[in-house]
Number of protein chains: 2
Amino acid sequence: MQIDEVDQRIIASLVADARSSYAEIGSRVSLSAPAVKRRVDRLRAAGVIRGFTTVIDPAAVGWNTEAFVELFCTGRTTPTQITLATRRHPEVVAAYTVSGEADALVHLRAADISHLEQALERLRAEPFVTSSRSMIVLSRLVDSPTVVPAPS
Amino acid sequence: MQIDEVDQRIIASLVADARSSYAEIGSRVSLSAPAVKRRVDRLRAAGVIRGFTTVIDPAAVGWNTEAFVELFCTGRTTPTQITLATRRHPEVVAAYTVSGEADALVHLRAADISHLEQALERLRAEPFVTSSRSMIVLSRLVDSPTVVPAPS
DNA sequence: GTTGAAATCTCTTAGCA
DNA sequence: TGCTAAGAGATTTCAAC
C-alpha cells in the first residue's frame, strides 16, 4: 500500500495519542476531519494500523516482574511450534525467532519472581526446548512506542 | 492507588480498543458514561494509564529489521548512563538493565540490515560498552499488548 | 465518597458538490 | 478532497444515593 507524508503524520499523531479527535489531527496535518477519517479507515483496512491500545503501568496492575528468555530448541523445531507453545502461556508478552546462539527469544511478564519462576518452568517443559538462558529485567530504561520516522 | 475490579475491566477494555466510547465501555461494565470517564481520568492522573497509542505494522512504515542486543559494560556504568546513551539513538525501541551475563538488553528497530548495522556500530561506540552480542529477529511470533489479568 | 440524568457542546460520519 | 447536516458521543452541572 502507498503511504504518503500526510499518512505518516496522521500515524505519528495517533501513536502519540490514539484518542485525539479527527478534527484535532486534521488541524495538525492541514486536512478536514472527514478527510482524516477516510485516511485512517483506509490505513486500518490495509493493516498498516493494527489497532488502538492503552499503555498501562504494569506495576499498577500487579505485574512487577519481567524477563527475557533465550530458548535453545531441538533441531527440527518449527517457528509455528514455538508460536503455538508460547501463545498458551499468558505470561508471554512477545516471542521472536532470532539469529545467533539461541533459536528464540521470549519476553515474559509476571506478578513476581515466584510467578515468573512458575512460568519459566512451564515454558521449559515444552518438548522442543533443550535449554534456556534467562535475563531478569532489573529496570526498564527506555520504552518508546513504535517509532514512526518523520517524513524527510 | 486503589484499583477495584471495575477499574480493571475498564482498563482491559481500553487495552483492547483505546478508541471505544465511554458509553460502550460503560455498557460492558454496567456504569454510565460519565462514571466511566471519571474513573479513566482518575486512572490517568494516578499514572496507571500512561496514554493511548496506536499499534502500527512496522513493515508498512518501512522499518523491517529488528534486533536485540546484549550490552556488556565497564564496571562502573550506571543505569542512567545507559538510559541517556540509548535514548539518543532513534532505533532504540526499548532498553533494560538485566541480571545474567549481560548488563543491558537493547531492542532495536531499523529500516534494513545496513541501517541496523549502522545503529549497532553507533551503539557499540558508546564509551562504557565493552562488548555486545546481537540477536537479529527473524520473525515475530507473538506480540500481545500489556496483558491485564482478569479479575478473579 | 460515589452515581445517574440532563443540558450543552463537540465529534463522527454519511451524502453531495 | 472539502462542505454540510444529522446523529452520536463527550463532558459539565446538578441532584440523589
Side-chain angles (χ1 to χ4, degrees), chain A residues 1-63 145-152, chain B residues 1-57 59-62 145-152:
Chain A
M1 187 195 146
Q2 194 70 2
I3 298 175
D4 63 14
E5 302 89 53
V6 178
D7 289 325
Q8 291 225 341
R9 286 168 65 197
I10 291 172
I11 290 170
S13 180
L14 281 171
V15 169
D17 181 9
R19 275 186 88 88
S20 57
S21 71
Y22 293 130
E24 201 177 325
I25 300 165
S27 74
R28 233 173 284 164
V29 303
S30 309
L31 234 62
S32 68
V36 173
K37 187 201 183 294
R38 276 193 287 260
R39 280 171 182 262
V40 171
D41 287 345
R42 193 169 49 89
L43 290 167
R44 288 199 69 164
V48 175
I49 293 176
R50 294 251 178 89
F52 305 102
T53 191
T54 302
V55 184
I56 300 296
D57 176 12
V61 290
W63 290 59
T146 307
V147 179
V148 179
S152 47
Chain B
M1 188 197 147
Q2 194 70 3
I3 297 177
D4 63 15
E5 303 88 53
V6 179
D7 289 326
Q8 291 226 340
R9 287 168 65 196
I10 291 172
I11 290 169
S13 180
L14 281 172
V15 168
D17 181 10
R19 275 186 89 87
S20 57
S21 70
Y22 292 130
E24 200 177 326
I25 300 165
S27 74
R28 233 172 284 163
V29 303
S30 309
L31 235 62
S32 69
V36 173
K37 186 199 184 300
R38 275 189 291 262
R39 279 170 182 264
V40 172
D41 287 346
R42 192 170 48 90
L43 290 166
R44 289 199 69 163
V48 175
I49 292 177
R50 294 250 177 89
F52 305 101
T53 191
T54 302
V55 184
I56 300 296
D57 176 12
V61 291
T146 307
V147 180
V148 179
S152 46

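Here is the naming used below: chain letters follow the sequence lines, and residue numbers restart at 1 for every chain.
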Any sub-3.5 Å donor-acceptor pair from Arg19(A)'s side-chain atoms to Ser20(B)'s backbone N or O?
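Flag set: sc Arg19(A) to bb Ser20(B) pair under 3.5 Å.
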Taking Leu14(B)'s backbone N and O only, do any of them form a donor-acceptor pair with Thr54(A)'s side chain (distance below 3.5 Å, no angle check)?
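Answer holds: yes.
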Send over the distance from [X] [atom1] to [N] [atom2], rounded to a whole Å.
| X | N | atom1 | atom2 | value |
| --- | --- | --- | --- | --- |
| Ile25(B) | dT3(C) | CD1 | P | 14 Å |
| Ile10(B) | dT3(C) | CD1 | P | 9 Å |
| Asp41(B) | dT2(C) | CG | C1' | 15 Å |
| Tyr22(B) | dC9(C) | OH | C1' | 16 Å |

Among the nucleotides [options], which one has an atom lying closest to any side-chain atom of [X]?
| X | options | value |
| --- | --- | --- |
| Pro34(A) | dA14(C), dT1(D), dT12(D) | dA14(C) |
| Ala35(B) | dG4(C), dT11(D), dG2(D) | dG4(C) |
| Arg38(A) | dT11(D), dC11(C), dT1(D) | dT1(D) |

With respect to the phosphate group of dT13(C), does any side-chain polar atom (N or O) of Lys37(A) fall under 4.0 Å of OP1 or OP2?
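Looking at the OP1 and OP2 atoms of dT13(C), one of them is under 4.0 Å from a side-chain N or O of Lys37(A).
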So do the side chains of Arg28(B) and Val36(B) get within less than 4.5 Å of each other, counting heavy atoms only?
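Heavy-atom side-chain distance check fails, nothing below 4.5 Å.
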What closest approach, in Å, do Val61(B) and Gln8(A) show between heavy atoms, and which atom pair accounts for it?
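Residues Val61(B) and Gln8(A), closest heavy atoms: O-NE2, 4.3 Å.
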Starting at the 5' end of DNA chain D, which residue's closest nucleotide do you reach first, Arg39(A) or Arg19(A)?
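The residue whose closest nucleotide sits nearer the 5' end is Arg39(A).
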Over all strands shown, is Ser21(A) touching base, sugar-phosphate only, or nothing at heavy-atom distances under 4.0 angstrom?
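Result for Ser21(A) = sugar-phosphate.
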